[in-house]
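To start, the structure itself, in structure tokens.
Just so you know, ligand 1 is whichever comes first in the structure, and atom 1 is the first atom listed for that ligand.
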Amino acid sequence: MRVRFAPSPTGFLHVGGLRTALYNYLLAKQHGGAFILRIEDTDRKRFVEAAEQDILDMMAWAGLAFDEGPGKGGSYGPYRQSERTERYHEVASLLVDAGKAYIAFDDDDALDAMRERHRTTENPTPRYDHSTRLEMLNGLTLSASEVQERLDRNEPHVIRLKVDPGHTIGFTDAVRGQVVFESETIDDQVLMKSDGLPTYHLANIVDDHDMCITHVIRGEEWLPSTPKHVLLYEAMGWEVPTMAHLPLIMSPTGGKLSKRNAEKQGIPVSVSSYVEQGFEPEALVNFLALLGWNPGDEQEMFSMEELTASFSLDRVGQSGVQFDMKKLLWFNEQWVRTRADADLADQLATEASERFGCTDRDYLVRAIGLMKERMVFARDLFSAPYLFQSPDSYDEAAVAKRWKAASAEHLLRFREYLASSGDWTVEALEETLKAYVEKEEVGMGAIMFPLRMALSGTGGGPSLYALMALIGKQETLDRIDTSLTALP
Ligand code: GLU
């Protein structure tokens, strides 16, 4: 099995593109095949300089290492289409010589005039096809010597595929089953543009053939292009690879997830935005794997290894799949929890030191251990500054609601219990608090809430025993003292 991801470097890598890359990668790994990255940069007008690097960076971030591609090499290179132009010319000439394609000299005015002549309400956008080609200036209407003269004069020209009417083009799609198109519906596609560069259609099939691609797995938006590709393969006498078109990714409010409607709903489209927001690569990969593929059971969490083992094209659905941001956040939360505290500490150390002057690694690891179950993103650690420093304010709404007349007194009295406690472990602190409520004959809440407020300034958070154990005895007592001067 040889599969490829073939992005056009027209902008930053899109999440939908990453899903396509992922599905290709998984199949290649599963079958011990090769995963190829090919840069389809024939559209010079839409070319974006930084895009290729972004594609490489984002694939590396997601863990999608390719076996052949730019910078990596391989036996079928080069892997950038702009470096393969000669071969496209060769194939285009073969097609012209075989009568499967023809040269056309029509300029924009001639094309507009043709459309003008044929425009009707039933046919609002007349095409350059079997019904109109004989009125145009091309190799079918000019003599061979006239064509040659024009070529000798360097007249701008294109090469078009000659699509004959009256037959059905069919292929079996690994996701959608049998797909058919009538050849009447297909125009005489431009294969080679007047700038001497191939169009997507030509370059794509030449490369898929020359790179021995066995399976073409891509988004559904390319389905209408496939009959043109099938015609080209047939014209060259080449075998058509297995085709698989992945379902569209839909916006939560319906319609295709376009850049505009996605961003309106707070869904970034470029993978780099997910990286910036602090998403775990495993979470995005896991989420995208299930955005179109269904494992057939209840399992939701999949590592790359598990995906490689379970993924299959026959469980990829045909209908569009909605992008559910809540689900992605859930995956992120789950994946953060699977990380070792020490590993998270490596990631967060610089920020902990810059923001809170925390350079004690052991302390940081313990703080992470305390917060991990409450994080959606790793950096949520810093939404609990009280792990590192005394609160500089107290949640006014919570105080107004839950701070009772007796709160300060409880805090003061409990402080004495703490001050005389020798053993400063989570278990011992829990015992101390139990002893307090028993002796004072009060409910847990009577002391828990004021204590939490004193230590963290907020009404919620991780276990108080664990928090006291983390910050230590002196800091606990100091925070209580500070709160007693600040709170009623
Ligand atoms: N260059 C096309 C893209 O940007 C590739 C489509 C295909 O995989 O054939 O998606």
Side-chain angles (χ1 to χ4, degrees), residues 1-28 33-48 50-56 58-59 64 66 68-70 76 78-85 88 91 161 171 173-176 179 181 189-191 193 197-233 238 240-249 256-259 269-271 288 292 313 316:
M1 179 179 277
R2 289 178 58 82
V3 296
R4 85 305 192 269
F5 174 49
S8 299
T10 54
F12 287 169
L13 183 63
H14 189 287
V15 273
L18 187 63
R19 184 193 63 169
T20 302
L22 173 65
Y23 286 17
N24 276 283
Y25 171 87
L26 293 174
L27 280 177
F35 173 52
I36 292 130
L37 174 66
R38 182 173 73 225
I39 301 294
E40 300 208 324
D41 56 350
T42 57
D43 189 347
R44 300 316 281 182
K45 281 195 221 88
R46 294 178 60 217
F47 180 78
V48 173
E52 181 181 316
Q53 194 54 49
D54 180 70
I55 292 164
L56 294 171
M58 294 305 115
M59 286 175 69
L64 306 182
F66 49 87
E68 296 170 29
Y76 301 86
Y79 293 93
R80 271 185 212 98
Q81 290 188 328
S82 56
E83 294 164 21
R84 302 173 69 84
T85 313
Y88 310 129
V91 172
L161 179 65
F171 59 93
D173 188 286
V175 172
R176 331 187 83 78
V179 182
F181 288 87
Q189 282 298 302
V190 172
L191 303 177
K193 296 176 285 186
L197 292 174
T199 55
Y200 155 71
H201 304 295
L202 179 66
N204 190 265
I205 69 111
V206 170
D207 288 349
D208 282 345
H209 172 77
D210 288 359
M211 294 179 180
C212 300
I213 299 302
T214 58
H215 293 67
V216 169
I217 302 157
R218 60 187 172 197
E220 188 186 317
E221 61 274 27
W222 301 102
L223 189 62
S225 296
T226 308
K228 300 166 193 171
H229 299 175
V230 172
L231 285 176
L232 279 165
Y233 283 112
W238 292 340
V240 184
T242 299
M243 297 284 172
H245 289 89
L246 308 176
L248 289 177
I249 300 179
K256 198 182 155 198
L257 188 75
S258 67
K259 191 168 154 58
V269 293
S270 58
V271 179
L288 290 176
L313 281 178
V316 171

Next item on the list: Select one of side chain, backbone, both or neither to describe which atoms of Y200 lie under 4.0 Å from any atom of ligand 1, heavy atoms only.
Entry: side chain
Notebook entry, point to check: Regarding R4 and the six-membered ring of Y76, is the cationic atom NZ or CZ under 6.0 Å from the ring centre and inside 45° of its axis?
Noted result: no
Checklist line | P247 side chain reached by R19 side chain, heavy atoms, under 4.5 Å | finding: yes
Next item on the list: Check whether any N or O atom of A6, backbone or side chain, sits under 3.5 Å from an N or O atom of ligand 1, and answer yes or no.
Entry: yes
Notebook entry, point to check: In terms of atom number and element, which parts of ligand 1 are under 4.0 angstrom from non-hydrogen atoms of R4?
Noted result: 7 (C), 8 (O), 9 (O)
Next item on the list: Start with the C-alpha distance between Y79 and E68, add both sets of side-chain angles, then the distance that settles side chain to side chain donor-acceptor pair (under 3.5 Å), and finish with yes or no.
Entry: CA-CA 8 Å; Y79 293 93; E68 296 170 29; 2.7 Å; yes
Check: Going by the angle between their ring planes, with limits at 30° and 60°, are F35 and F66 parallel, tilted or perpendicular?
Finding: perpendicular
Notebook entry, point to check: How close do P198 and Y88 get, heavy atom to heavy atom, and via which atoms?
Noted result: CG-CD1, 3.3 Å
Item checked: Which residue and heavy atom of the protein sit nearest atom 3 (C) of ligand 1, plus the separation -> W222 CZ2, 3.4 Å
Check: Going by the order shown, which atoms of ligand 1 are within less than 4.0 Å of some heavy atom of N204?
Finding: 7 (C), 9 (O)
Next item on the list: Any atoms of ligand 1 less than 4.0 Å from a non-hydrogen atom of S8? List them with their elements.
Entry: 1 (N), 2 (C), 3 (C), 4 (O)
Next item on the list: Could you tell me whether V216 approaches ligand 1 through its side chain, its backbone, both or neither, with non-hydrogen atoms closer than 4.0 Å?
Entry: neither
Item checked: Closest to atom 1 (N) of ligand 1 among E40, R38, H14 (heavy-atom distance) -> E40
Check: For H245, which of E221, R218, E220 qualifies under side chain to side chain donor-acceptor pair (under 3.5 Å)?
Finding: R218
